[in-house]
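First the proteins, then the strands, lettered A, B, ... as listed; each starts at 1. Values reported hereafter were calculated over all heavy atoms of this structure, with side chains retained and with hydrogens, waters and symmetry mates removed.
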Amino acid sequence: MATVLERLNHALHHAMEMDERVYVLGEDILDPYGGAFKVTRGLSTKFPGRVLPTPISEAAIAGIAAGMALRGLRPVAEVMFGDFVTLIADQLVNHAAKFRWMYNDNVRVPLVVRAPMGGRRGYGPTHSQSLEKMFLGIPGLTVVAPNVLGDPAELLQAAIADEEPVLFVEHKLLYPCQWLEPGHSELQDYSISKMGSERYPAFTVSPVFTTTPHLTLACYGYNYELARQAALELTMEREIFCELVVFSQLSPFALDPLLASLSRTRRLLTVEEGSLSLGWGAELVARSIEAQDGLRVRRVAARDLPIANARSLEDAILPQVGAVVRAAVELTG
Amino acid sequence: MVGYNTPRMDDHVSLYRTMLLIRCFEERLLAAFGTGKLVGTTHAYIGQEADAAGVFAAACPGDVVFSNHRCHGHYLAYGGGPYPLAAELMGKSTGLVGGRGGSQHIQWRDFYSNGIQGGIVPVAAGMALAERERQSGKIVLVFIGDGTLGEGALYESLNFAALWKLPLLVVVEDNRYAQTTPVELAVAGTMAGRFAAFGIPVWERDTTDVLEVKAAATEAVAHVRGGAGPASLILHTYRFSAHSKGDDPRSPAELERLRRFDPLAVHAPRLTDAERQQVKAEVTAAIDEAFTRADADPLPALLSNR
């Protein structure tokens with residue numbers, strides 16, 4: 001058993017070991033500190049020439065990584081808190097994501113920007129957000145998020161091997177979670193199947209005790225944990241059976257696994273930690289209904305407010321298991 | 001001989017040819033907008049030709065270049081041919097990037113441009129890091145304008161370039177106007193001071209004489225190629241045409257006064273009449289051929305999402 005943090009750290013060690021074009025850059029990543037969340041721990045000791053500590057300059061970090069990628073290296077840049085992706089928006093949107101298509105496929109931009117997102121740690125309005133929704137639907141930019149169902153190391157290595165720029169979104173609460181190696185799921189009455197793309201798979205978690213689940217719960221990243229707890233509660237206390245579809249690739253949208261599940265359940269409930277309006281769930285709902293008439297749908301997300309510092313307020317603003325359960329009951333009522 | 005793969009030549013005739021090629025290309029381009037052959041906009045390099053010709057007489061042919069919205073002169077002086085650029089500007093499938101980029105977004109060999117002020121500088125710094133790490137022997141030249149001095153990404157990048165001793169030459173072409181805003185309303189302090197703050201050496205010239213530009217560029221390029229870290233080359237010049245097509249608040253009298261700084265007029269006396277006529281004939285033929293050929297080319301089609 002290993003934690004998500006250990007797997008991500010392993011992936012970086014492995015990538016640097018295997019490919020000398022891989023460079024890691026970011027703020028405070030040198031040992032012994034090893035990065036704000038320790039994902040880069042040990043790298044600077046082992047690969048001192050290819051681990052580049054930077055000043056607090058997110059825009060330049062992302063731009064430099066884009067330039068390195070254009071000229072044959074494979075940079076992995078860390079943005080210390082995902083909230084700071086606003087500072088790299090120009091570099092991702094108007095440079096890295098555009099180069100390949102704008103230059104008529106003459107170039108490649110194999111760049112990874114890692115961004116720890118998410119709240120529930122009391123960090124307040126500017127260090128708790130899930131801002132990835134701002135980068136979904138940007139042509140040329142792939143957005144990926146690990147979860148505990150797939151190997152986070154494989155996912156990060158796939159992103160590093162990708163020829164396109166990738167925004168790699170790591171929910172902070174995922175770091176101490178155990179990666180559920182095959183056969184170790186705590187959902188004992190469920191089967192897990194890998195679907196969608198080989199590189200960034202989705203996982204369909206289906207109850208084995210029924211062939212007709214009542215609804216589909218769609219989520220990504222840490223929110224699998226909320227969906228899982230809700231599914232257990234719904235099963236035990238309400239006899240409402242859920243199939244879960246857990247995405248690794250958030251953008252571009254690849255919905256086949258979801259549509260396969262919806263053809264069985266006809267009900268979609270999306271769970272995300274970003275704010276509700278104009279979010280990931282909204283696009284999932286729209287696309288699902290375009291593909292299949294007559295679906296019933298609900299979204300659970302953060303309220304449209306900044307994320308408060310006080311625990312009571314943060315809990316009220318971010319989605320909780322109870323909200324997922326209530327929405328599922330409404331949807332099946 | 002004008003066009004692809006022209007070996008770098010820095011004799012008087014070659015410098016004149018490069019500047020005249022840029023001048024004639026841009027004049028032909030501006031004229032073509034009137035005939036409906038071109039749509040969108042463009043940023044002409046007319047008046048600044050000595051900068052591109054002088055800088056690329058000092059750089060090596062394989063060096064990496066990141067240019068900006070006003071990139072045609074840089075591309076032509078770098079050795080790019082006028083035909084695929086003309087085709088790109090006409091939105092043809094045979095253009096430099098198949099009609100996807102247009103005037104401000106071109107790519108050819110080790111030459112790149114983008115239309116975002118300031119944002120290109122960190123990318124160029126990253127390229128410089130890659131060239132150094134790969135030990136290619138290449139340096140990176142990034143072209144910015146006086147207007148770019150207002151962008152924060154520039155200063156983040158200068159800090160990196162100095163800290164990491166990157167092989168990066170930042171060429172500032174101060175044409176004294178950011179679109180319509182005169183430099184006095186946009187730049188506090190001195191331009192050189194902004195580089196000096198990071199310990200980056202400055203070569204600064206107020207000239208439209210291509211030989212003076214070349215001499216300064218040669219020193220700056222040597223500094224960068226020698227591994228001593230980044231350098232800056234600040235060239236105070238004049239733009240004779242509008243920022244893009246019709247946005248020029250300057251009076252006809254002011255524009256007339258600037259003509260005495262015309263880099264072609266400054267350099268022309270160093271050639272004989274026969275040499276000038278020969279160059280003029282070559283360049284005219286090359287531009288005619290480029291635009292005529294591009295005009296006959298097909299438009300691109302969108303085949304898929306890729």
Practice prompt. Apply side-chain contact (heavy atoms from CB on, under 4.5 Å) to A:Asp105 and B:Arg100, showing your working.
Written response: CA-CA 10 Å; A:Asp105 291 330; B:Arg100 290 179 175 185; 4.0 Å; yes
Working to the nearest 0.5 Å, report the span between [atom1] of [X] and [atom2] of [Y].
{"X": "A:Leu70", "Y": "B:Asp110", "atom1": "CG", "atom2": "CG", "result": "11.0 Å"}
{"X": "B:Leu163", "Y": "A:Thr54", "atom1": "CG", "atom2": "OG1", "result": "10.0 Å"}
{"X": "B:Glu156", "Y": "A:Ile64", "atom1": "CD", "atom2": "CD1", "result": "8.5 Å"}
{"X": "A:Met102", "Y": "B:Ile106", "atom1": "CE", "atom2": "CD1", "result": "10.5 Å"}
{"X": "B:Arg134", "Y": "A:Arg21", "atom1": "CZ", "atom2": "CZ", "result": "10.5 Å"}
{"X": "A:Asp90", "Y": "B:Ile120", "atom1": "CG", "atom2": "CD1", "result": "11.0 Å"}

Provide the closest heavy-atom pair for [X] versus [Y] in the form atom of the first, atom of the second, distance.
{"X": "B:Trp164", "Y": "A:Pro53", "answer": "CZ2-O, 3.6 Å"}
{"X": "B:Pro122", "Y": "A:Gln91", "answer": "CG-NE2, 3.4 Å"}
{"X": "B:Asn159", "Y": "A:Pro55", "answer": "ND2-CG, 3.6 Å"}

Does [X], at its [atom1] atom, have more than 12 non-hydrogen atoms belonging to other residues, nucleotides or ligands within less than 6.0 Å?
{"X": "B:Lys165", "atom1": "NZ", "answer": "no"}
{"X": "A:Glu20", "atom1": "CD", "answer": "no"}
{"X": "B:Lys37", "atom1": "NZ", "answer": "no"}

Backbone N/O of [Y] and side chain of [X]: donor-acceptor pair under 3.5 Å:
{"X": "B:Gln107", "Y": "A:Asn106", "answer": "no"}
{"X": "B:Asn114", "Y": "A:Phe99", "answer": "no"}
{"X": "A:Arg71", "Y": "B:Glu131", "answer": "no"}
{"X": "A:Tyr103", "Y": "B:Ser113", "answer": "yes"}

Worksheet item: Using non-hydrogen atoms only, which part of B:Val64 is less than 4.5 Å away from chain A: side chain, backbone, both, or neither?
Response: side chain
Worksheet entry | Region of B:Phe66 that comes under 4.5 Å of a non-hydrogen atom in chain A | side chain
For [X], which atoms come within 4.5 Å of any heavy atom of chain B: side chain, backbone, both, or neither?
{"X": "A:Leu73", "value": "side chain"}
{"X": "A:Glu58", "value": "backbone"}
{"X": "A:Ala65", "value": "neither"}

Worksheet item: Who wins among A:Asn104, A:Asn94, A:Ile61, A:Leu87 for the most heavy-atom pairs under 4.5 Å with chain B?
Response: A:Asn104
Worksheet, complete the sentence: Comparing B:Gly101, B:Ala125, B:Gly119, B:Gly118 against chain A, the one with the most heavy-atom pairs below 4.5 Å turns out to be B:Gly119
